[in-house]
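Here is the structure we will look at, set down as structure tokens.
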Amino acid sequence: MRLKLSQDYRRVFDAKCKLVTAFFVVYMASNQLEVARLGVIASKRCIRLATKRNQVRRLCREHFRVCSQQLRGYDWVIIARSVLANQNKLEQHRQLKKLLYLIEVKWLNQ
RNA sequence: UAAGCUGACUAGGCAGUCGCUGUGAUGUGUUUAUCAUAGAGGAAAGUCCGGGCUCCAUAGGAUGCAGUGCCAGAUAACGUCUGGGCGGUUAAAGCUGACGGAAAGUGCCACAGAAAAUAUACCGCCUAUGCACAUAGUAUAGGUAAGGGUGAAAUGGUGUGGUAAGAGCGCACCGCACUUGUGGCAACAUAGGUGGCAUGGCAAACCCCACUGGGAGCAAGACCAAAUAGAGGCUGAUGUUUCUUUUAAACAACCUGUGAUCCGCAGGCAGCCGGGUAGGUCGCUUGAGGUGUAUGGAGACAUACAUCCCAGAUGAAUGACUGUCCAUGACAGAACCCGGCUUAUCGGUCAGCUUACCAA
């Protein structure tokens, strides 16, 4: 599901549960729901061309959809950093997989 | 067949699985399931023009400012498009144009050159007179602008007559100006006559002439709900008259709006600082709409009839994976909507035209 409301975003940021890599910044906060909700931020300042911005957003959403069973019960916000735009598609895929693995190790196993 | 030019179209296809957004239907009953269906571009981009739409209680006049600038037409409108004229360019098809005015005025024209615009005379050419035996030379006075040299540009060009040497001084042709006729809606073209050369270039220098332009933009704007708050600070709220006074009214001034200035018009509290918010619904997609046929037109386009409904998000929907085929997929993502222009772009298809070669 998509994270839509402004107040939800603020709640996630205020939870201060974050993970930083070279390509992404991920915030997490628990919600009292049965599903996982995701918001992707790809700002115009980081990724200039609209096509690339859309591409990154879709990739993120797709990867989280695949893993949505493990991630349920939490709200997630992914911020894409400007380095990501210069990578090709294959590299972006690899980085996303790596990110998901890191998330699993850090939070879900606890 | 090859090379080139012009115009139009297209922008990986097919099958399967999972998912996203809108709409409709059904169920459940209050926000979710299931099914069906639709879902980015030729430039969606740059925001460079024009228009619709909305608001600013009006848009009226003068000046200014900005834009446009051969002619005719198309259009809602345009700086766009079509056709034509003229200039430039190409072997041709074609391409291309800041294409009104320099005898209204002001200004500028580096270097070189005598002289860059009131003209003038450096080297020259020629005549007369003096010096000199004389040619030559030199000095003075005068006549010239043919030749040389400079420059991006030199005061009509070429030829011929003419002359002391020369000169539109005369003549022929070309150019130019004026004028008359013819063709054309017009730009303009063309034929005749007259003049005897006047008007160097730059208007992408100011300027003049003609025409056009009120401003701001969908975060426009309308409604609903909540919250601060009809809160705080600062600035200006004047004078005269009427009235016993307050209030109120009139006139002048002042302030605000009419985003350049003045007049005019409207209003009487207005402006600034600082703080907070921007949640929902509408606007929001049926439109100068698309497609087809017919008619009119040289064309841009117009008219009539038939038919179709074709994105509408808002922390922002089009994706991922698998198989397969080929040429191995460029530039690139709607955000109120249209008409253009400009820029980016791997390719592919079709039509017309030109030239060259070959064959008949």
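Letters A, B, ... are given to chains in the order of the sequence lines, protein chains preceding strands, and every chain is numbered from 1.
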How should the glycosidic conformation of [N] be described, syn or anti, under the criterion that syn lies within 90° of 0?
| N | result |
| --- | --- |
| B/G196 | anti |
| B/G161 | anti |
| B/C309 | anti |
| B/A327 | anti |
| B/U345 | anti |

Does [N] pair with anything, Watson-Crick or G-U wobble, both distances under 3.5 Å, and if so, with which nucleotide?
| N | answer |
| --- | --- |
| B/U303 | B/A294 |
| B/A248 | B/U242 |
| B/C234 | B/G271 |
| B/C211 | B/G67 |
| B/U190 | B/G181 |
| B/C265 | B/G257 |
| B/G347 | B/U10 |
| B/U30 | none |

- [ ] Determine, stepwise, if the pair A/I79 / A/Y27 fulfils side-chain contact (heavy atoms from CB on, under 4.5 Å).
- [x] CA-CA 8 Å; A/I79 301 170; A/Y27 286 88; 3.8 Å; yes

Expressed in whole Å, how much space separates the [atom1] atoms belonging to [N] and [M]?
| N | M | atom1 | result |
| --- | --- | --- | --- |
| B/A116 | B/A154 | C1' | 8 Å |
| B/A145 | B/C169 | C1' | 14 Å |
| B/A38 | B/U258 | C1' | 49 Å |
| B/U54 | B/U228 | P | 37 Å |

Listing time: all N or O pairs from protein to nucleotides 330-334 of chain B that are below 3.5 Å?
unit_1: B/G333; atom_1: OP2; unit_2: A/A50; atom_2: N; d: 3.4
unit_1: B/G333; atom_1: OP2; unit_2: A/T51; atom_2: N; d: 3.4
unit_1: B/G333; atom_1: OP2; unit_2: A/T51; atom_2: OG1; d: 2.7
unit_1: B/G333; atom_1: N7; unit_2: A/N54; atom_2: ND2; d: 3.0
unit_1: B/G333; atom_1: O6; unit_2: A/R58; atom_2: NH1; d: 2.9

TODO: On RNA chain B, check which nucleotide each of A/R57 and A/E62 is closest to and give me the residue with the more 5' one.
DONE: A/R57

Task: Listed partners of A/R57 passing side-chain hydrogen bond (donor to acceptor under 3.5 Å, both in side chains), at least two apart - done: A/N54

